[in-house]
Amino acid sequence: MTTPANTQTTHQQDAILVLLAQIPAGQVSTYGAIAGAAGLPGYARFVGQVLRRLPKDTKLPWHRVINAQGKLSFPEHSAPFIEQKKRLLKEGIELINNKISLKKYQQKC
DNA sequence: TCCTTGACGGAGA
DNA sequence: ATCTCCGCCAAGG
């Protein structure tokens, strides 16, 4: 076989994508929570990098991932911010002052 | 190989 | 509750 060099992070990336697909509509998760669930505590930033690399036409619910503060990790005037907020509202997630109540919407499982 | 960047998180003022 | 600073880790220049 050809030397499978980079397997470690690649495998973890796949785990992150799987967890992302696990998030049901109407609920959200945080970068840190996904990282921890993937067995990578403290890798919140890495999760962000993985999502950033997702293709524009991905079927994965990337919009259900927010930061630990319950807010969207995009500038309020940016296009992705508007798009994410739009999708969340469409799923029945309530944003109060551009903030989401993790208490109510964060996936517990 | 070193420095900078980034869809983060948490503590402090 | 808002803002700033520091620590975290991987990827890119």
Side-chain angles (χ1 to χ4, degrees):
Chain A
M1 306 318 163
T2 56
T3 57
N6 56 331
T7 39
Q8 212 62 332
T9 56
T10 301
H11 178 271
Q12 302 299 13
Q13 174 183 323
D14 189 54
I16 291 172
L17 295 179
V18 171
L19 290 169
L20 173 60
Q22 292 286 331
I23 306 173
Q27 289 190 312
V28 298
S29 188
T30 66
Y31 298 91
I34 293 176
L40 296 170
Y43 284 59
R45 263 183 141 150
F46 181 63
V47 174
Q49 284 191 174
V50 173
L51 296 190
R52 188 178 185 281
R53 292 182 56 182
L54 289 175
K56 187 168 62 178
D57 61 343
T58 182
K59 304 298 184 298
L60 297 176
W62 58 270
H63 55 280
R64 293 175 192 153
V65 184
I66 61 179
N67 60 36
Q69 300 177 29
K71 300 170 76 174
L72 312 189
S73 297
F74 287 110
E76 186 174 342
H77 297 293
S78 66
F81 177 94
I82 298 174
E83 178 63 24
Q84 184 173 16
K85 181 178 179 180
K86 178 182 176 182
R87 295 196 184 193
L88 292 175
L89 291 175
K90 192 173 184 180
E91 295 184 352
I93 297 175
E94 183 182 20
L95 283 80
I96 302 175
N97 193 16
N98 288 331
K99 221 178 301 180
I100 299 173
S101 175
L102 293 174
K103 202 80 175 183
K104 294 175 61 177
Y105 299 105
Q106 183 172 30
Q107 183 180 29
K108 302 173 184 66
C109 181

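Chain A is the first sequence line, chain B the second, and so forth, proteins listed ahead of strands; every chain is numbered from 1. Note that the structure is a prediction, hence the values are computed from the model and not measured.
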Engineer: Check A:A33 against A:Q106 and note the closest heavy-atom contact, atom names and distance.
Structural biologist: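 Looks like CB-NE2, 4.0 Å.
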Engineer: Should A:V28 and A:I93 be marked as a side chain to side chain contact (heavy atoms under 4.5 Å, CB included) after you check the CA-CA gap, both sets of side-chain angles, and the distance that decides it?
Structural biologist: CA-CA 9 Å; A:V28 298; A:I93 297 175; 3.5 Å; yes
Engineer: Is the shortest heavy-atom distance from the side chain of A:L20 to the side chain of A:L51 under 4.5 Å?
Structural biologist: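 Result yes, sub-4.5 Å side-chain heavy-atom pair found.
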Engineer: One character per nucleotide, please: for nucleotides 2-13 of chain C, 5' to 3', B when the base has a protein heavy atom closer than 4.0 Å, S when only the sugar-phosphate does, - otherwise.
Structural biologist: S----BBSBS--
Engineer: Can you measure from CD1 (A:I23) to CZ (A:R64) and round to the nearest 0.5 angstrom?
Structural biologist: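 The distance works out to 7.5 Å.
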Engineer: Under the salt bridge (Lys or Arg N to Asp or Glu O under 4.0 Å) criterion, do A:R87 and A:E83 qualify, and how do the steps go?
Structural biologist: CA-CA 6 Å; A:R87 295 196 184 193; A:E83 178 63 24; 2.9 Å; yes
Engineer: Atom NZ of residue position A:K108 - does it have more than 12 heavy atoms of other residues, nucleotides or ligands inside 6.0 Å?
Structural biologist: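 Counting other residues, nucleotides and ligands, NZ of A:K108 exceeds 12 neighbours.
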Engineer: Checking A:L89 now: which residues fulfil side-chain contact (heavy atoms from CB on, under 4.5 Å) with it, not counting sequence neighbours?
Structural biologist: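 A:L89 satisfies side-chain contact (heavy atoms from CB on, under 4.5 Å) with A:K85, A:L95 only.
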Engineer: Please list, in 5' to 3' order, the outermost nucleotides of DNA chain B lying under 4.0 Å from any heavy atom of chain A.
Structural biologist: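 Nucleotide range in contact with chain A: B:dG6 to B:dG10.
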